[in-house]
Amino acid sequence: MSQHSRNDQEQRRFEELHELRSRGIDPYPHVFEKTHSSLEILSHYSDESPETFSDVSVAGRIMAIRKMGKATFATIQDQQGRIQIYVKQDELPDFYTCINLLDIGDIVGIKGYVFRTRMGEISVHAREAALLTKSLRPIPIAKEETDADGNKIVYDAFSDKELRYRNRYVDLIVNPEIRHVFEKRSMIISAMRRYFDDHGWMEVETPILQPLYGGASARPFITHHNALDFDLYLRIAIELYLKRLIVGGFEGVYEISKNFRNEGMDRTHNPEFTMMEIYIAYKDYYWMMDMVEDLFQTIADKALGKRETTAGEHVISFEQPFRRAKMFDLFQEYAGMNLRGLNRAELLQAARSLNVEVASDATAMKILDEIFSQKVEHHLIQPTFVMDYPVEMSPLAKAHRTEEGLVERFELFINGNEIANCFTELNDPVDQRKRLEDQALDRAGGDEEAMVLDEDFLQAIEVGMPPTAGLGIGIDRLVMLLTGQESIRDVLFFPTMRPEA
RNA sequence: GAUCUCGUAGCUCAGUGGUAGAGCAUCUGACUUUUAAUCAGAGGGCCGUAGGUUCGAGACCUACCGGGAUCACCA
């Protein structure tokens, strides 16, 4: 703070702080005994039995203060909401001499009784009042008014995206609706965790710092271990370690944790993001589709209280069953072409005829991917399992039991976005080694995102992994979907930002 | 990484090449049921940064810094 030049408002608050201390008032006391939240009082107070709330104690941040000479009203905000407090000079003369030293943003504690004002607002009449924390920086204050039609009008909202992300603590104070997004995020994750735990699957932790990275196609962040003098990678996926645990004899393991990918940032990408991966022994991807349907209904019930959510003009339903469609059938349906079994030249031709732009050196799989994302994805609004991908796109998925050249894989699309990814996991060690060797060749050929060959992982698979189904869910995107947010930055407390100039 | 766009008071924003503005917030005074409290007054600015054009730049030009959007890469 000494380096920071204070503006006039900050300077004045510092002076108030010293004035409070010089009057023997501790502006930062250690504890306060709080008995009620704002919401408990507002939702349970009744004019018939005011004695129920004749002795309450509330605490919160001053969001508005109206001084009227010998009496003062203030609105304080706690985690649940806001409530008005009322302080009279003749009842609290000592506190009242300091009332001019209080500002919006200060945190106070009030003991007293609940009453209803002449204007009908339930309020706390103070018998005791204490400053709990003096605020030294002014917070932006939005004013709200409800017009004759009942519409809420907000004046001077704190809306600058940059400031909101960089000073999220201020954003959370003055924009309560963003707090609801994060409360819902927490409920979604805990509902998911409870669902897995209730089924007996075990939450585990595996390395984030890894000597090799794998399990996805992406460029990693690189860091360095000083004592051992070697480079480590921040993981890009959880997959390979969880499979080692299945080899080790656990039959259901999951992990919810950050992954890191050193790539571009936009509305749906942040360099660190939260992934859930779960592996269940003796199951396949058909079983996993049933499980995912059940899981999503459970989460919707608990976090939303209903089995639908709104995304733009669409109402998305989580009622079973979700649509199940094979990838190549969807090409037929939405692009009007059968792309199954076409070679690279033929796919390039198909892309041109569909007006899908692809790089001239794109691989067959890149072309297929591009046609899918441009012609099919945006049609997949209601939850849809897209099944059976080409083997070249999925080096860790098991070959399809009946379809030549395809693997047993599904991606769950909702509102045009990929939300989950699942395989019947590849446990044939010979096939797995061949696939990773092919990736290594692509890598040598200049594909920076091709997977690195992890010999220890291959040895684990050679020890023997039982038939297993694996699932990954992008938690941030799921939260975006269920909270109606359009940017990943609005579901992350502290999204990655460039350093300030 | 590319393109477009934005950056003016603590916050939200006006600003026609010619003296830097408003509302809220802040300060002083009045006010014991107010609630966008009200009433009377006051202070507050490196106009993102650095160059350039011009008699004169917050505005026009260039570069840079930061944000947002779109695209590319990816989940």
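We name chains A, B, ... by the order of the sequence lines, and we start the count at 1 in each one.
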Can you give me the N/O atom pairs linking the protein to nucleotides 8-10 of chain B at distances under 3.5 Å, or say none if there are none?
none

Among the nucleotides [options], which one has an atom lying closest to any side-chain atom of [X]?
{"X": "A/F73", "options": "B/G66, B/U34, B/U26", "result": "B/U34"}
{"X": "A/E370", "options": "B/C11, B/C73, B/U26", "result": "B/C73"}
{"X": "A/K161", "options": "B/U32, B/U26, B/G67", "result": "B/G67"}
{"X": "A/D266", "options": "B/C73, B/U35, B/A75", "result": "B/C73"}
{"X": "A/R267", "options": "B/A69, B/U32, B/C27", "result": "B/A69"}
{"X": "A/A71", "options": "B/A75, B/C11, B/U32", "result": "B/U32"}
{"X": "A/F115", "options": "B/U12, B/U33, B/U35", "result": "B/U33"}
{"X": "A/K70", "options": "B/U35, B/U33, B/C31", "result": "B/C31"}

Rounded distance in Å - [atom1] ([X]) to [atom2] ([N]):
{"X": "A/N262", "N": "B/G1", "atom1": "CG", "atom2": "P", "result": "12 Å"}
{"X": "A/Y86", "N": "B/C31", "atom1": "OH", "atom2": "P", "result": "14 Å"}
{"X": "A/Q374", "N": "B/C71", "atom1": "CD", "atom2": "P", "result": "10 Å"}
{"X": "A/F158", "N": "B/A36", "atom1": "CZ", "atom2": "P", "result": "23 Å"}
{"X": "A/R13", "N": "B/G44", "atom1": "CZ", "atom2": "P", "result": "19 Å"}
{"X": "A/E239", "N": "B/A75", "atom1": "CD", "atom2": "C1'", "result": "14 Å"}
{"X": "A/L163", "N": "B/C13", "atom1": "CG", "atom2": "P", "result": "11 Å"}
{"X": "A/E121", "N": "B/A36", "atom1": "CD", "atom2": "C1'", "result": "13 Å"}

* Aromatic rings A/F115 and A/Y86: how do their planes relate, parallel, tilted or perpendicular, breaks at 30° and 60°? ->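 Ring orientation of A/F115 relative to A/Y86: tilted.
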* Asked: Relative to each other, are the rings of A/F296 and A/F322 parallel, tilted or perpendicular (30° and 60° limits)?
  ->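 The arrangement is perpendicular - the two ring planes meet at more than 60°.
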If the [atom1] atom of [N] is compared with that of [M], how far apart are they to the nearest Å?
{"N": "B/U53", "M": "B/U62", "atom1": "P", "result": "15 Å"}
{"N": "B/C6", "M": "B/U38", "atom1": "C1'", "result": "38 Å"}
{"N": "B/C39", "M": "B/U34", "atom1": "P", "result": "15 Å"}
{"N": "B/G52", "M": "B/U16", "atom1": "P", "result": "25 Å"}
{"N": "B/C13", "M": "B/U8", "atom1": "P", "result": "10 Å"}
{"N": "B/A59", "M": "B/U19", "atom1": "C1'", "result": "16 Å"}
{"N": "B/C11", "M": "B/A36", "atom1": "C1'", "result": "15 Å"}
{"N": "B/U32", "M": "B/G43", "atom1": "C1'", "result": "30 Å"}

* Does A/M393 reach the side chain of A/D369, with side-chain heavy atoms less than 4.5 Å apart? ->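 Counting from C-beta outward, A/M393 and A/D369 do come under 4.5 Å.
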* Look at the side chain of A/Q84 and the base of B/U34, then say whether one donor and one acceptor between them are separated by less than 3.5 Å. =>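 Donor-acceptor pair under 3.5 Å: yes.
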* Asked: Looking only at N and O atoms, is any donor in the side chain of A/T117 or the base of B/U34 less than 3.5 Å from an acceptor on the other one?
  ->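 Indeed, a donor on one side and an acceptor on the other fall under 3.5 Å apart.
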* Asked: Would one find a side-chain N or O of A/R477 under 4.0 angstrom from OP1 or OP2 of B/A75?
  ->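 False: A/R477 side-chain N/O out of range (4.0 Å or more) of B/A75 OP1/OP2.
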Assign [X] to base, sugar-phosphate, or nothing according to its heavy-atom contacts below 4.0 angstrom with the strands shown.
{"X": "A/D369", "answer": "nothing"}
{"X": "A/G474", "answer": "nothing"}
{"X": "A/D90", "answer": "base"}
{"X": "A/E272", "answer": "nothing"}
{"X": "A/Q89", "answer": "nothing"}
{"X": "A/T268", "answer": "base"}

* **Heavy-atom pair with the smallest gap, counting every atom of A/F413 and A/Y389** =>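 Result for this residue pair: CE1-OH, 3.9 Å.
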Who is the Watson-Crick or G-U wobble partner of [N], with both distances under 3.5 Å?
{"N": "B/A50", "answer": "B/U62"}
{"N": "B/G56", "answer": "none"}
{"N": "B/U70", "answer": "B/A2"}
{"N": "B/A75", "answer": "none"}
{"N": "B/A36", "answer": "none"}
{"N": "B/G45", "answer": "none"}
{"N": "B/G23", "answer": "B/C11"}

Can we say [X] and [Y] salt-bridge, meaning some charged N sits less than 4.0 Å from an Asp/Glu carboxylate O?
{"X": "A/R179", "Y": "A/D171", "value": "no"}
{"X": "A/K398", "Y": "A/E408", "value": "no"}
{"X": "A/R219", "Y": "A/E263", "value": "no"}

* Asked: Would one find more than 12 heavy atoms of other residues, nucleotides or ligands at under 6.0 Å from atom NE2 of A/H378?
  ->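 Count over threshold, so yes.
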* Asked: Please walk me through it: do A/F493 and A/F182 pass ring-ring contact (aromatic ring centres under 6.0 Å, His included)?
  -> CA-CA 8 Å; A/F493 274 129; A/F182 290 101; 3.9 Å; yes
* For A/Q485, check side-chain contact (heavy atoms from CB on, under 4.5 Å) against everything at least two apart and list the hits. =>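 Expected list: A/V181, A/T483, A/D490, A/V491.
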* To do: Indicate whether any N or O donor in one side chain lies under 3.5 Å from an N or O acceptor in the other, for A/R82 and A/Q77.
  =>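 There is such a pair between these side chains.
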* Asked: Can you tell me how far the CG atom of A/L92 sits from the SG atom of A/C98, to the nearest 0.5 Å?
  ->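 Interatomic distance, A/L92 CG to A/C98 SG, rounded to 0.5 Å: 11.5 Å.
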* **Stepwise salt bridge (Lys or Arg N to Asp or Glu O under 4.0 Å) test for A/R409 and A/E411** => CA-CA 7 Å; A/R409 171 184 185 183; A/E411 292 189 314; 3.0 Å; yes
Short N/O separations, protein against nucleotides 37-40 of chain B, under 3.5 angstrom:
residue	atom	partner	partner atom	Å
B/A37	OP1	A/K143	NZ	2.1
B/A37	OP2	A/R66	NH1	3.4
B/A37	N6	A/K67	O	3.1

